[in-house]
Amino acid sequence: MTAEGAPRVERDGDVVRITMCRPQRRNALSREHLEQLLAAVADAGESDATGIVLGAEGPVFSAGHDFADVLDAPVADVRSLLALCTELMRALQEVPQVVVARVHALATAAGCQLVASCDLAVAAESAGFAAPGGKGGWFCHTPMVAIARNVGRKRAMELALTGDVIDARTALDWGLVNRVVPDDGLDAAVDELMARATRGSRASKAWGKQTMYAQLDRPERDAYAVAVEVMAGASQLDGAREGMRSFLEKRRPVWTD
């Protein structure tokens, strides 16, 4: 049994599918729902799965924070809510698995932040993305941390200041998603990208993912220092040795990790 509105968690081969199931609340990220999602991601991260798909049910992917948690709340409570949300976003990037967002509809504010925090994202043509605080009274400060790191400064400013929705094709052009596909092809496209992103040595990929996030926002000299140290160490992994040995021996690799 799961709590009412709790995300549905399903194991599908090597992939864990986490689906937000609060359509009546537009999959808003209440404190309870953030805690449920964080627990689901943490559990998946400790499993032997190679990938995680984050999706949703209903007419909206996620409308972001639930204002019922925020209106008239003292600043300490709002701060702890935002810290919890940040913990979830970081968890998506810290788990060793490849995390793919399956975006079937509108993703706004912290819902758009969820998409931006996943490693990869596939969107249906009907999807849309927005940081609507710019045209309201509560600016999307924390969502823009993740969004801006996907789309670049000028486009981030446009999203943040106008609050307007961009369609899936624009999101693709701006770098917020990896693929845009017809609605009826969304699951197949997610599975195809996941299959390609998870092939090879799991241990090598997990270290690679974590190092990518560690170096992306550093100055180039510091980024190289991180990457050199990790890549040297990673050369000792069984997967690295098997990959190089199989290449030299002109045979298909056999992955043990």
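Computed from a predicted model, the values in this text were never measured in an experiment.
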Do Val145 and Trp174 belong to the same hydrophobic cluster, where Ile, Leu, Val, Met, Phe, Trp and Tyr are linked whenever their side-chain heavy atoms lie under 4.5 Å apart, directly or via other members?
no

Distance-only polar pair, side chains of Asp167 and Thr170, donor-acceptor under 3.5 Å
yes

Thinking salt bridges, do Arg196 and Glu192 make one under a 4.0 Å N-O criterion?
yes

Side-chain (Asp66) to main-chain (Leu29) donor-acceptor, under 3.5 angstrom:
no

Roughly how far, to the nearest 0.5 Å, is the CG atom of Asp164 from the CD atom of Glu158?
7.5 Å

Any donor and acceptor pair, going by atom type alone, linking the side chain of Glu57 with main-chain N or O of Met20 inside 3.5 Å?
no

Would a distance-only check, ignoring hydrogens and angles, find a side-chain to backbone donor-acceptor pair under 3.5 Å from Asn150 to Ala146?
yes

Tell me if a side-chain donor or acceptor on Ser126 pairs with a main-chain N or O of His104 at a distance below 3.5 Å.
yes

Presence of salt bridge, Asp14 and Arg202, under 4.0 angstrom:
no

Would a 4.5 Å heavy-atom cut-off, applied to side chains only, mark Glu125 and Val180 as touching?
yes

Restricting to pairs with a member in residues 108-123, which pass side chain to side chain donor-acceptor pair (under 3.5 Å), not counting sequence neighbours?
Asp119-Lys209, Asp119-Tyr213

Is it the case that one hydrophobic cluster holds both Val181 and Leu172, taking links as side-chain heavy atoms less than 4.5 Å apart, direct or via other members?
no

Roughly how far, to the nearest 0.5 Å, is the CG atom of Leu186 from the CZ atom of Arg179?
12.5 Å

Interatomic distance, CZ@Phe67 vs CG@Asp72, rounded to 0.5 Å, equals 13.0 Å

Given Arg25 and Ser30, is the side-chain contact (heavy atoms from CB on, under 4.5 Å) satisfied, shown in steps?
CA-CA 9 Å; Arg25 297 293 298 168; Ser30 66; over 6 Å; no

Rounded to the nearest 0.5 Å, how far apart are CZ of Arg31 and SG of Cys85?
11.0 Å

Is the shortest side-chain N to carboxylate O distance from Arg17 to Asp12 below 4.0 Å?
yes

Can you name the ring-ring contact (aromatic ring centres under 6.0 Å, His included) partners of Tyr224, sequence neighbours left out?
none

If two hydrophobic side chains count as joined below 4.5 Å and joins carry through other members, does Leu34 share a cluster with Leu82?
yes

Hey, is CZ on Arg252 packed in by over 12 heavy atoms from elsewhere, all under 6.0 Å?
no

So, does Ser204 use its side chain to make a donor-acceptor pair with the main chain of Ser201 at under 3.5 Å?
no

As a quick check of understanding, evaluate side-chain contact (heavy atoms from CB on, under 4.5 Å) for Val100 and Leu54, giving each step before the final call.
CA-CA 6 Å; Val100 179; Leu54 179 62; over 6 Å; no

Are the side chains of Val98 and Thr50 in touch, meaning some heavy atoms are under 4.5 Å apart?
no

Same apolar cluster: Trp138 and Met157, side chain cutoff 4.5 Å:
no

Among side-chain atoms of Thr19 and Arg102, is any donor-acceptor pair under 3.5 angstrom?
no

Test Thr256 against Glu242 for side-chain contact (heavy atoms from CB on, under 4.5 Å), laying out the working first.
CA-CA 9 Å; Thr256 59; Glu242 170 62 9; over 6 Å; no

Determine whether a donor-acceptor pair (N or O, by modelled atom type, separation under 3.5 Å) exists between the side chain of Asn27 and the backbone of Phe61.
yes

Side chains of residues 230-239: which donor-acceptor partners sit under 3.5 Å, not counting sequence neighbours?
residue : atom : partner : partner atom : Å
Ser235  : OG   : Ala232  : O            : 2.6
Gln236  : OE1  : Arg241  : NH2          : 2.6

Run the side-chain contact (heavy atoms from CB on, under 4.5 Å) check on His33 and Arg22 step by step: do they pass?
CA-CA 9 Å; His33 200 47; Arg22 303 180 77 220; 3.4 Å; yes

With a cut-off of 6.0 Å (strictly less than), are more than 12 heavy atoms of other residues, nucleotides or ligands near CD of Glu94?
yes

Thr211 side chain to Gly208 main-chain N or O, any donor-acceptor pair under 3.5 Å?
no

d(Met89 CE, Leu84 CG) to nearest 0.5 Å is 9.5 Å

Sub-3.5 Å donor-acceptor pair from the side chain of Lys205 to the main-chain atoms of Gln97, do we have one?
no

Spell out, as yes or no, whether a donor-acceptor pair under 3.5 Å connects the side chain of Arg218 to the backbone of Ala214.
yes

Connected via hydrophobic side-chain network under 4.5 Å: Leu38 and Ile18
yes

Any side-chain heavy atom of Val15 sitting closer than 4.5 Å to one from Ile52?
no

Is there side-chain contact between Cys140 and Pro132, with at least one heavy-atom pair below 4.5 Å?
yes

Given the options Thr86, Leu88, Leu92, Arg90 meets side-chain contact (heavy atoms from CB on, under 4.5 Å) only with Thr86

Donor-acceptor under 3.5 Å (Arg8 side chain, Glu10 main chain)
no

